[in-house]
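One structure is given below, encoded as structure tokens.
Throughout, numbering of the chain's residues begins at 1 and tracks the sequence.
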Amino acid sequence: MSYTLIELTVLGVGRLLGGSAGVGTVLYALMIGPVTQFFLPRFAYRRTAEHAVDAAGPP
């Protein structure tokens, strides 16, 4: 939700400064947050505890 809020704020400021906002711009501002939230866990790198211990080396 916060990413969408940031995008909408940027969109509003851009409009106040005289920029144009079409349908695609508004859709992007509304959808980038949910799309990022959906795809980020699928592409995020996670190290398992077992690999973390191996990488740390012997105690």
Side-chain angles (χ1 to χ4, degrees):
M1 177 69 180
S2 65
Y3 198 79
T4 302
L5 212 54
I6 292 169
E7 288 295 329
L8 289 173
T9 302
V10 170
L11 175 65
V13 170
R15 287 289 296 146
L16 288 174
L17 292 173
S20 62
V23 174
T25 307
V26 174
L27 284 176
Y28 176 84
L30 291 173
M31 294 306 298
I32 191 63
V35 169
T36 302
Q37 184 178 1
F38 177 78
F39 281 109
L40 190 60
R42 288 152 180 80
F43 292 105
Y45 175 74
R46 294 187 187 152
R47 234 165 58 170
T48 62
E50 185 177 298
H51 288 124
V53 171
D54 291 341

Please report the shortest heavy-atom distance between Ala29 and Leu11, naming the atom on each side. CB-CD2, 4.2 Å
For Pro41 and Thr36 the tightest heavy-atom approach is CD-O, 4.5 Å
Treating Ile, Leu, Val, Met, Phe, Trp and Tyr as nodes and any side-chain heavy-atom pair under 4.5 angstrom as an edge, say whether Val26 and Val23 lie in one connected cluster. no
Are Met31 and Tyr3 connected into the same hydrophobic cluster when the rule is that any two of I, L, V, M, F, W, Y join if their side-chain heavy atoms are below 4.5 Å apart? no
Interatomic distance, CG@Leu30 vs OG1@Thr25, rounded to 0.5 Å, equals 11.0 Å
